[in-house]
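In this text, all values refer to a predicted model and were calculated from it rather than measured experimentally.
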Amino acid sequence: MKKQRNVKQTLLQVSFGVGLIIFAALIELLAVHPSGIYSYTQKGYDEFKIGFSKEHVLKKINRQKAIRTIKACNPDRVFELQSRKLFKMEADLLSSDFWICPGRTGKDFLFLFKDGVLDRILLQRLRFGKKEKSILFSQCSPERLKEIDKYLGTQEILKVFYDTDSRIKKKI
């Protein structure tokens, strides 16, 4: 009798574990964003809102523990946190209109500023061990960044997801 009870309990535990694994796999497939580049031009992304000043964006970056590096483009300069001290606004950050921020959690940010305020956020999400990264998030190319819509529409290898914006004219 006791042995039969132990077998039932073990079967119940194993079936519960298998059920949890299936549930986690379904959540991963259905509820997680697919790999690609996400373009935010309307409201922004999470704490980063369109229209924020560079100083305000830097404050929000300092709250993100996953961001430890800012690569400013034109002038090209890399700012890296080596201790617990936060990023400080420097002249190169103020003069640059493009900030690349690689994240440690699978999300890389590209902040595009216009007239000193945040105009667009590009977010690169890579899943399932994908190694193909967009060159937008690794190389500073002011020409490419100034014609970002053209590049995203014709040359980008990753799938691009847009929020609704009148600037994006899809050509079919």
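Within the 3.5 Å criterion, the main-chain N or O of Asp97 finds no donor-acceptor partner in the side chain of Lys114. The backbone N or O of His56 lies less than 3.5 Å from a partner atom in the side chain of Ser53, making a donor-acceptor pair. Asn62 contributes no side-chain N or O that, together with a main-chain N or O of Leu86, makes up a donor-acceptor pair within less than 3.5 Å.
Taken from CD in Glu147 to OG1 in Thr154, the straight-line distance is 10.0 Å, to the nearest 0.5 Å. A distance of 7.5 Å separates CD in Gln155 from CZ in Arg144, rounded to the nearest 0.5 Å. Atom-to-atom distance recorded for Tyr45:OH and Leu118:CG is 14.0 Å, nearest 0.5 angstrom. In this structure, the separation between CG on Leu110 and CD1 on Ile100 is 5.5 Å, given to the nearest 0.5 Å. With rounding to the nearest 0.5 Å, the separation of CG in Leu123 from CG in Asp108 is 8.0 Å. Between Ser39 atom OG and Arg120 atom CZ the span is 3.5 Å, to the nearest 0.5 Å.
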Could you go through residues 9-23 and list every donor-acceptor pair under 3.5 Å that involves a side-chain atom there, pairing it with any protein atom two or more places apart or in another chain?
from: Thr10; atom 1: OG1; to: Asn6; atom 2: O; distance (Å): 2.8
from: Ser15; atom 1: OG; to: Leu11; atom 2: O; distance (Å): 3.1
from: Ser15; atom 1: OG; to: Leu12; atom 2: O; distance (Å): 2.9

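In this structure, Val117 is not a member of the same hydrophobic cluster as Met89, with clusters built from ILVMFWY side-chain heavy atoms closer than 4.5 Å. Criterion: ILVMFWY side-chain heavy atoms under 4.5 Å apart, direct or through other members. Under it, Leu81 and Leu58 are part of a common hydrophobic cluster. Criterion: ILVMFWY side-chain heavy atoms under 4.5 Å apart, direct or through other members. Under it, Val160 and Ile135 are part of a common hydrophobic cluster.
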For this session: Might you work through the side-chain contact (heavy atoms from CB on, under 4.5 Å) test for Phe111 and Phe98, ending with a clear yes or no?
Result: CA-CA 6 Å; Phe111 298 101; Phe98 312 106; over 6 Å; no

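Each of Ile70, Leu122, Ile121, Ile61 was evaluated against Phe109; a single residue qualifies, Ile121, per the side-chain contact (heavy atoms from CB on, under 4.5 Å) test.
Screening residues 66-77 for side-chain hydrogen bond (donor to acceptor under 3.5 Å, both in side chains), with sequence neighbours left out, gives Arg77-Glu90, Arg77-Asp92. For residues 39-120, the disulfide bond (SG atoms under 2.5 Å apart) pairs, not counting sequence neighbours, are Cys73-Cys140.
When the shell of 6.0 Å around NZ of Lys49 is examined, it contains more than 12 heavy atoms from other residues, nucleotides or ligands.
Annotation: Tyr38 is not in aromatic contact with Tyr162 [ring centroid separation under 6.0 Å not met]. Taking the centre of each ring, Phe79 and Phe87 stay at or above the 6.0 Å mark.
With sequence neighbours excluded, the residues forming a ring-ring contact (aromatic ring centres under 6.0 Å, His included) with Phe113 are Trp99, listed by chain and number. Glu47 meets the side-chain contact (heavy atoms from CB on, under 4.5 Å) test with Lys60, Arg63, Gln64; sequence neighbours excluded. Applying the side-chain contact (heavy atoms from CB on, under 4.5 Å) rule to Arg5 yields no partners; only residues at least two apart in sequence or on another chain are considered.
Side chain to side chain, Thr41 and Asp163 meet the donor-acceptor criterion of an N or O pair below 3.5 Å.
The shortest non-hydrogen separation linking Phe161 to Pro34 is CZ-CG, 3.8 Å. Considering all non-hydrogen atoms of both residues, Glu55 and Leu94 come closest at OE2-CD2, 3.5 Å.
Here the side chains of Lys133 and Leu126 are in contact, with some heavy-atom distance below 4.5 Å. Under the 4.5 Å side-chain criterion, counting only non-hydrogen atoms from C-beta, Lys54 is not in contact with Leu93. When side chains are defined from C-beta on, Ile37 does not count as touching Lys159, because their heavy atoms never get closer than 4.5 Å. Gln124 has its side chain within reach of Leu158: a pair of non-hydrogen atoms, C-beta onward, lies under 4.5 Å apart.
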